[in-house]
Amino acid sequence: MLRIRRIFDDVLPANRETLEQVKVILRDRFSEISEEEIEQLGEKLRNPFKQRFRPILFVAKTLRSRVKGFAMLLHEPEIGFCFLDWIATASGRTGGGLGGALYDRVRREAVDLGAGELFFECLPDDAEKCPDEALLKENRARLRFYERYGARPIVNTGYELPVNPGDSCMPHLVYDALDAVKPLRRAFARKVVRAILERKYSGYCPAEYVEKVVASFREDPVALREFRYIKPQAVKTTVNDRSIEQIALIVNDRHQIHHVHERGYVESPVRVRSILAELDKSGLFARLKPRAFADKNIHAVHDTDFVSYLKHASEDVPEGKSLYPYVFPVRNKTRPPREPSVLSGYYCIDTFTPINRNAYPAARRGVDCALTAAREILDGRRVAYALVRPPGHHAERRAFGGFCYFNNNAIAAQYLCAYGKVAILDIDYHHGNGQQDIFYRRPDVLTVSIHGHPRFAYPYFTGFEDERGEGEGEGFNLNLPRPENLDGERYRKTLGKALHRIEEFSPQFLVVALGLDTAKGDPTGTWSLMAKDFEENGRLIGTLGLPTLVVQEGGYRTRTLGQNARNFFRGLVQGHMKAVGNRQESKVRLHGVVFRYELQPQDPERIRRLTEITGFFSTAEVEVAVELVNERLAKGVQSGYHFVMAEHYGRLAGYACYGPVACTVSSYDLYWIAVHPDYQGKGLGRRILKETERLIRESSGSRVYVETSQRVQYASTRAFYENCGYRQETVLADFYAPGDGKVVYCKALT
Ligand SMILES: [Zn+2]
């Protein structure tokens with residue numbers, strides 16, 4: 001069985017491995033692509049918009065994680081089109097079932113993005129244009145395949161003009177109108193063609209060539225080739241919508257055994273059933289079986305003696321009986337009592353969470369579900385949901401309570417944090433004291449909780465605003481207690497604060513402890529959130545655009561549980577897709593950056609580290625960068641080198657070096673601009689450049705010059721300058737090396 005999955009970046013180890021397999025197929029199937037370009041695949045995904053196209057990679061994987069095929073789509077959001085860069089299968093067949101599934105997925109994505117049309121290149125299927133017999137056969141099969149969707153080559157234009165004399169077998173530009181039958185307008189087509197030639201083939205197509213090809217689009221609408229292989233009425237224009245990225249759903253299949261029949265025990269099996277009934281209808285989810293994980297994952301957040309106590313106490317309780325704690329160690333916490341019925345008070349925080357025969361096995365299975373969901377996230381899934389009970393967020397390192405035994409969300413967060421920073425957002429009505437306790441002294445897991453104020457809400461003794469974390473963890477716990485009455489609108493204000501803190505923390509993963517007891521009418525809460533509020537909250541959380549693991553916590557009004565859960569996820573997915581779709585530099589704001597202009601003695605070393613870590617400069621270039629700093633330190637302003645140092649809480653996040661050009665009245669050179677990888681994609685480069693321009697203007701400078709290489713590797717640099725208003729003035733051909741010219745950009749300051 002194959003599944004098609006989108007790969008968003010190369011940060012996760014699983015994604016890196018997938019990308020390596022994609023590269024193998026690329027090398028194998030497209031011999032004309034340079035190794036340099038192949039190696040940049042990960043970088044492209046991580047920094048969308050570097051080439052002014054947002055790359056979207058889909059891979060078709062077997063269950064054993066072998067990549068069988070992939071498709072790379074480039075989205076251009078400003079003009080509004082998609083370009084299918086590559087589609088390939090390991091076997092080499094694109095027209096078969098796998099190629100078809102990938103192409104369906106690509107079309108679906110293009111429609112979801114609101115890009116009305118899809119373009120791609122296809123080699124010619126005419127014998128006179130393609131002398132290679134085998135290749136010709138392949139090209140024919142391919143164009144026949146696309147014709148089934150109505151996609152055909154654009155004709156009567158100069159798109160197939162050779163770039164260099166002697167070029168043969170030039171590709172057609174193929175147009176797919178997707179789900180609409182609409183003509184291709186000339187003005188639009190010209191923009192599209194310009195974008196493709198200037199960006200995708202930057203450095204290959206000279207400017208005159210681009211102008212010539214763009215101007216060759218004369219007809220309006222632009223004509224497509226007649227159908228050659230199939231009858232027009234056999235065209236399938238509907239876009240397949242079954243391939244939408246689904247949320248992984250892992251349900252605790254042993255939750256039903258945990259059923260406490262005492263009156264008023266609202267944490268009951270019907271909760272899961274009523275949520276499932278609604279989720280199943282939505283089509284948003286793919287059900288997965290929980291897998292078994294070792295106890296060591298639990299021991300990573302809970303004390304060993306506590307875990308073994310729960311296990312044994314649960315086994316020792318007679319069938320059908322419940323053990324409730326009734327004495328608690330206010331004094332003498334260090335001496336566990338012998339008597340089993342008394343011991344439960346040593347490990348529990350309240351009198352209403354019993355231990356019974358099934359508490360341990362049910363809770364243990366819940367942990368497996370949360371970890372299975374975490375594993376899915378590490379595998380590259382963007383949203384996974386562990387629908388579990390008993391819940392977990394009140395379980396502390398060495399205490400259970402509040403219907404909770406093991407802290408599922410904390411165990412999953414601990415599992416994920418081996419791969420990057422994690423933020424836990426607890427949106428249950430009750431304070432998430434469990435994960436607060438577990439991560440209180442740690443800076444790598446941020447815990448945030450929005451809850452009813454402890455002066456009236458369980459667990460009463462924690463959840464105050466001044467609990468901010470301790471030691472290394474100080475500042476990494478945020479409690480947002482709220483008053484007894486709260487509606488959706490006021491809730492969202494608080495949620496906004498929580499999300500702001502999470503953005504600042506910039507984690508790799510988000511864990512949401514999803515309590516639905518904030519809903520109107522919940523028997524354990526006092527707030528009044530409605531169905532639409534859950535959708536809106538989901539959307540806001542989704543806009544973080546983070547891989548998100550949702551773990552079920554509380555929520556007891558069974559009549560609305562399902563609808564609220566479904567709405568939450570609908571919003572979450574929409575917000576998420578939008579965030580990932582719109583991720584532009586300006587979207588991710590970086591707060592707390594300060595500029596300074598005077599150098600300090602430790603700056604040469606800091607600049608060395610910074611320029612090295614970008615991985616962008618050669619050893620010789622790094623030396624030059626350091627030399628300029630030393631020069632400035634030694635000679636001051638006389639050196640002619642000026643600096644803009646951008647610091648983020650004392651850390652050097654980026655810098656620029658510039659100076660007046662000798663023998664000119666008011667021209668300046670920008671010598672260096674570099675941004676630490678941790679701060680890339682956040683608009684910092686642009687801000688440093690703006691600050692530099694401001695200083696140059698202040699010194700009566702009027703023109704800024706900057707030079708860069710023509711190589712593919714520098715496409716992002718060139719795009720950066722162009723986006724900042726720099727115009728290409730000239731290209732000194734073969735300047736750095738044969739085929740590697742120097743591009744000179746200039747911006748006139750007004
Ligand atoms: Zn709750």
Side-chain angles (χ1 to χ4, degrees), residues 252 255 258 260 264-272 274-275 348-354 359 362-363 366 370 385-396 399-410 412 424-438 447-464 467 479-486 488 491 494-495 498 511-530 533-534 537-538 541 550-562 564-565 568:
N252 186 352
H255 79 94
H258 178 61
V260 179
Y265 199 86
V266 290
E267 205 287 283
S268 61
V270 65
R271 297 177 57 232
V272 168
S274 50
I275 292 178
C348 191
I349 60 171
D350 56 44
T351 57
F352 61 83
T353 310
Y385 175 31
L387 174 50
V388 294
R389 56 170 292 275
H393 74 142
H394 293 308
E396 301 185 348
F400 66 99
F403 309 139
C404 305
Y405 301 91
F406 291 129
N407 196 318
N408 304 308
N409 76 63
I424 303 176
L425 172 63
D426 191 317
I427 50 171
D428 189 280
Y429 173 80
H430 306 94
H431 175 230
N433 59 297
Q435 61 270 17
Q436 166 171 316
D437 170 64
I438 288 164
T447 43
V448 179
S449 178
I450 303 171
H451 48 264
H453 198 283
R455 72 171 172 264
F456 60 84
Y458 183 87
Y460 307 109
F461 296 98
T462 61
F464 297 92
E467 297 158 11
N479 284 334
L480 298 163
R482 286 299 174 259
E484 218 157 341
N485 296 310
L486 196 72
Y491 185 91
T494 307
L495 182 59
V511 173
V512 177
L514 173 65
L516 299 165
D517 41 10
T518 47
K520 188 178 171 67
D522 190 281
T524 71
T526 58
W527 292 347
S528 51
L529 269 61
M530 308 301 287
D533 296 318
F534 284 93
N537 293 346
I541 294 169
V550 182
V551 180
Q552 185 61 47
E553 300 292 353
Y556 307 96
R557 190 181 185 235
T558 47
R559 209 145 58 84
T560 50
L561 268 182
N564 291 344
F568 175 80

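Throughout, numbering of the chain's residues begins at 1 and tracks the sequence. All ligand and atom numbering here is 1-based and tracks the order in the structure.
Remark: of the listed residues Thr518, Asn537, Ile541, Ile541 is the sole one forming a side-chain contact (heavy atoms from CB on, under 4.5 Å) with Ile427.
When the N, O or S atoms of Asp428 are ranked by distance to the Zn ion (ligand 1), OD1 comes first. Atom ND1 is the N/O/S atom of His430 found closest to the Zn ion (ligand 1). Summary: OD2 is the N/O/S atom of Asp517 found nearest to the Zn ion (ligand 1).
For Phe403 and Tyr265, the distance between ring centers is under 6.0 angstrom. Between His431 and Tyr460, a ring centre-to-centre spacing not shorter than 6.0 Å is recorded.
Using cut-offs of 30° and 60° on the angle between ring planes, the pair His430 and His394 is perpendicular.
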